[in-house]
Amino acid sequence: MPEANYSKGEIMAAAGAREIKDGQNIVVGLGLPQVAALLAKNTHAPNISMINEQGVVGFSPVDPAVGMADPRMWYKATYFNSFIGTLGSFLHRGKVDIGFLGALEVDQFGNMNSTMVGGPGNTIRHFTGSGGANDIASLAKNIMIIMRHEKRKLRAAVQYITSPGYLGEGNLRQSTGLKGGGPWRVITDKAVLGFDRARGRMKLLSIHPGVELDDVLENTGFELLRDEQLPATVPPTAEELKLLREVIDPTGMYI
Amino acid sequence: MPEANYSKGEIMAAAGAREIKDGQNIVVGLGLPQVAALLAKNTHAPNISMINEQGVVGFSPVDPAVGMADPRMWYKATYFNSFIGTLGSFLHRGKVDIGFLGALEVDQFGNMNSTMVGGPGNTIRHFTGSGGANDIASLAKNIMIIMRHEKRKLRAAVQYITSPGYLGEGNLRQSTGLKGGGPWRVITDKAVLGFDRARGRMKLLSIHPGVELDDVLENTGFELLRDEQLPATVPPTAEELKLLREVIDPTGMYI
Amino acid sequence: MVKLNKIRSLSEAVASVRDGSHLFLSGFAISRNAIAVAHELIRQNKRELTLSQCIGAMDADLLVGAGAVKRYIYGGGSLDRFGPLWNINRAIEQGAIEVDEFSGLSMALRFLGGSLGLPCIPIQSLLGSDILKNLLNKEVPEVKVTECPFTGEKMVLLKTLQPDVAFVHVQKADCTGNAIIQGPRWDEDAAKAADQIVIVADEIIPTELTPFLVEEVRIPAGRVSMVVHQPYGAHPTSLYGVYDYDREHLTEYASMARTPDGMQEYLDRYVRGVKDFSAYLEAVGGLEKMIRIKADALKKY
Amino acid sequence: MVKLNKIRSLSEAVASVRDGSHLFLSGFAISRNAIAVAHELIRQNKRELTLSQCIGAMDADLLVGAGAVKRYIYGGGSLDRFGPLWNINRAIEQGAIEVDEFSGLSMALRFLGGSLGLPCIPIQSLLGSDILKNLLNKEVPEVKVTECPFTGEKMVLLKTLQPDVAFVHVQKADCTGNAIIQGPRWDEDAAKAADQIVIVADEIIPTELTPFLVEEVRIPAGRVSMVVHQPYGAHPTSLYGVYDYDREHLTEYASMARTPDGMQEYLDRYVRGVKDFSAYLEAVGGLEKMIRIKADALKKY
């Protein structure tokens, strides 16, 4: 296995960016989602609208930010409003093509937990909660999750459903009344995963160069659907790496 | 009877202005309502917020306008929004003290018609309809109507209830679920009328100087409640007349 | 970076409208009407349209007068002191169009709910009125009197509205669709309720400028399908800060619209009988008129 | 013309809050927090408060850490990369406060509905989640799963929220209460949902200037009860266009709030142990610090 000349963050950003089509409306959060979206915007998708849930649209950050509430994320925004102007008249109106989400845990049905995990004894540890995540998971046409590939994070069942995926096998999501399309991609540091949307289950789509299939399977807490032939994830191009390193994240804060 | 040194419009404006308290939120339309509110603002109530239903607040017009859609009405506004920002977050939120309304017809319960009247045969004539009038009548704490005193306009029953008053005798308005306080004053060119709010019926409060009681009663299409002692409406003061003629409506467009 | 260019000609944008569509036009009485759009819809002979507006305006009155409208959903309206909406009132009196008549706020809430993708929204006006009685008597109910399950209060539940296309005349927009509306914006939620938004801008600004005017951007590019550049496209209604209403022409319109024959003559003279909106602008006084109605920089009218 | 002067001191404005009130504070994570208000509420030892926010922020975390909060209604939150809301998470883990946890949009719609005086409003997220399951299990229901009577779609009906008092930190306001918010305004509807609005402005502008800035006025005077002039009142969180967040102090806060003892030490050092907000500003670095975090005119941070 040749040593790759790119980092895990870089192939994740590149894989995420390639899933984005020009002209789409995309809700992004801090970190790799934003990096992936900016990479797409700087290459094949210059006309995407990036949306920040609390009311910022069309921004073009030039300095690394510490979160969505950091005005660095709002630089050169072309629209300010409130949650109502983003999660309302974009998302609930059915006009968000891709919602990026992170989570503490994701399960085989794409359900996500960002609220709490059990601690020692009967205790719980409480985390960030939903923010807009539940709404985005419920209502966006496609959900893209970017996360580390670890068995404790990719679980058979999450401990708390903060943000619904397919909820369970079959058409449970639709019968529950959820209008968005549901989970669509999970980009990890080992693979690109997708979903069999009819069955509501996670499926392995490609493995990053240099990663073994067993490594993926062992670090996943449930059985992944997969085709017999598994392609390798296309690695980042020289142009993409140059953009990532020199323009989008020059201080290496996220990648 | 001494010849009055003021016009009917001037005593109507002055009588309307005196009903306004400082600091109130007031929805006004074109014409005498606006003149009355501006007179109050220029005298004892400098801190009222005047509200225009389509999304304009805090305006100070200096030129006569042809209607609410005329930007002359919006001059020096301090807030722009939409119907939602005026009829929503002021009116429906319960924060409008006085709503001024006009109407084709008003009945003894303060119900108002601005939609249609019967024509010859079985025909109807269709007019302006509600605009914000139904909402204002339903939700403002107090409704003030300024109109000409004619038997065909002050009727026992209106032909169409565009904007609800007390609907009928007794507490029908409350049991219908309407949250605003209902009709409160009707200022005509002959008298100031109010309501017995418990009974929901119109009541004569004062008669303009020079007008006979019989003149009022004959030109009202229903029986008016009244106390035995009826005061005369206080005529406009010299200061009020000066303001009306020189500052508020110098071209005499409305008064 | 290449920016998506959504600029289309007025005729291209209007050609995308299918007969039978539900349209929203941005007019309120005599202000910021989508007049150029109404003209082009008439010239392209679009039929069986449904129109919805919070408050009826000249743009809708033109379309009703031209026989293009099947159904009109609105909350009342007029041409302010220039007169009533003659064509709309006449069509209602004669039963020539289907009309759903609401109040200003109930229309505004139906659009707000539609802009948020909510299926329904409550209101606490309308109760006790003949407006509500008429609506409840209709075969296709879009209103329902009910109680709040939490407070027990009576309320009217309204079905929300989502027009197929909104045509919104604005002061400025960039070519990606970021639209600046100055002054009151009665039409902002209705625009966002629509499935497709077509911005008609009196002025196109460079995208580099948009971030500096961000506080005045009311409709974001991500919701906009097309941008039409049409100077004076709201004439003879006013465009706050850009031009005043044309008193002379509104008086002429209100006088001709008073009768069916007069209205047809108006349409022949100013809409059907002219090649395009530029020819209309010439017919109503051209450059000299436009200079005369230019807005004062301070007063904005 | 005399203009109503609603200017009050911070301590007067906060003194008007009754124990047990339901308050809204304008913070979102580490931006535009009502920090000066939170400090003064703590110094005046207000108790048993209910707080509600779309997204939890430092202002709420301070109040929970000081033991002033009985119930917190919110949609999740953090201090961005400075860390979690230590006090809030700890209080939830220990059952020390009542918590109603929603999502960002469901809180936003509850406030929007409250701002319009609607008793309830529907939403179509939450379905299928444990957030909804937890809320339905509560004794006082504020959510109900139902169907739209027009479309048959499933929806969650939410009881709307109307706080008693909203404290909203803004860039500029005039003395009558017209408040300018620049940048995103996650708090605009929540403010309008409240019965009383107290504007805390970093800068007071003359009323003569307001009409020229009208497009940026987000909360109108007619809805505002009091105006407090408090420069740097959002410190250490950022005020878009005025000052950046104070990285140094946020790091110190996040580190001290990590333990109950550390939090009490923080409160003693910076809140309870200082006379007023001016003394706090001196304690965190005074003029030199404020010059260092001044926002760049172009970048706005």
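Each chain gets a letter, A, B and so on, in the order its sequence line appears, and its residues count up from 1. Since this is a predicted model, take the numbers as computed values, not measurements.
Using a 4.5 Å cut-off between heavy atoms, D:Ser129 touches chain A through backbone and side chain atoms alike. Heavy-atom distances place both the backbone and the side chain of A:Arg125 under 4.5 Å from chain D. Contacts between D:Phe102 and chain A at a heavy-atom distance below 4.5 Å involve the backbone alone (N, CA, C, O). If you measure heavy-atom distances from A:Val158 to chain D, you find no contacts under 4.5 Å at all. For a residue to count as touching a neighbouring chain, one of its non-hydrogen atoms must lie under 4.5 Å from one of that chain's; by this rule A:Tyr160 touches chain D with backbone and side chain alike. Proximity to chain A is absent for every atom of D:Ile181, based on heavy atoms less than 4.5 angstrom apart. When heavy atoms are compared at a cutoff of 4.5 Å, A:Tyr79 does not approach chain D at all. Proximity to chain D involves both the backbone and the side chain of A:Ile124, based on heavy atoms less than 4.5 angstrom apart. Contact of D:Leu112 with chain A is made through the side chain alone, with heavy-atom distances under 4.5 Å.
Looking at heavy atoms from C-beta onward, D:Leu127 lies out of side-chain contact with A:Pro164 at the 4.5 angstrom threshold. Looking only at side-chain heavy atoms (C-beta outward), D:Glu188 and A:Asn81 stay at 4.5 Å or farther from each other. Side-chain atoms of A:Arg72 and D:Asp244, non-hydrogen and from C-beta on, do get closer than 4.5 Å to each other. Residues A:Gln54 and D:Pro184 form a side-chain contact, since some pair of their non-hydrogen atoms from C-beta on lies under 4.5 Å apart. Using a 4.5 Å heavy-atom cutoff, the side chains of A:Gln159 and D:Asp130 are not in contact.
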* **Verdict with supporting geometry, A:Asp70 and D:Arg81, salt bridge (charged side-chain N to carboxylate O under 4.0 Å, His left out)** => CA-CA 10 Å; A:Asp70 186 336; D:Arg81 293 226 167 165; over 6 Å; no
* To do: Assess whether side chain to side chain contact (heavy atoms under 4.5 Å, CB included) is satisfied between A:Ser138 and D:Leu126, documenting all intermediate values.
  => CA-CA 7 Å; A:Ser138 299; D:Leu126 295 182; over 6 Å; no
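Not counting sequence neighbours, the partners of D:Ser78 by the side chain to side chain contact (heavy atoms under 4.5 Å, CB included) test are A:Thr128, D:Asp80. A search for side-chain hydrogen bond (donor to acceptor under 3.5 Å, both in side chains) contacts involving D:Arg247 returns D:Tyr245, not counting sequence neighbours.
No side-chain donor-acceptor contact under 3.5 Å links A:His92 to the backbone of D:Ile123. Here the side chain of A:Asp135 pairs a donor or acceptor atom with the backbone of D:Leu105 at under 3.5 angstrom.
Scanning all heavy atoms of the two residues, the minimum distance from D:Ser31 to A:Ala69 falls at CB-O, 3.4 Å.
Using bins of under 30°, 30° to 60° and over 60° for the plane-to-plane angle, the ring pair D:Tyr240/A:Trp74 lands in the tilted bin.
Interface remark: of the candidates A:Ala65, A:Ser82, A:Ala133, A:Ser82 forms the most heavy-atom pairs closer than 4.5 Å to chain D.
Tested against A:His126, the residues D:Arg90, D:Glu101, D:Gln94 include a single side-chain contact (heavy atoms from CB on, under 4.5 Å) partner, D:Glu101.
Contacts between residues 83-91 of chain A and chain D, defined by a heavy-atom separation under 4.5 Å, are made by A:Phe83, A:Ile84, A:Leu87, A:Gly88. Contact residues of residues 145-159 of chain D toward chain A are D:Glu153, D:Lys154 (heavy-atom distance under 4.5 Å).
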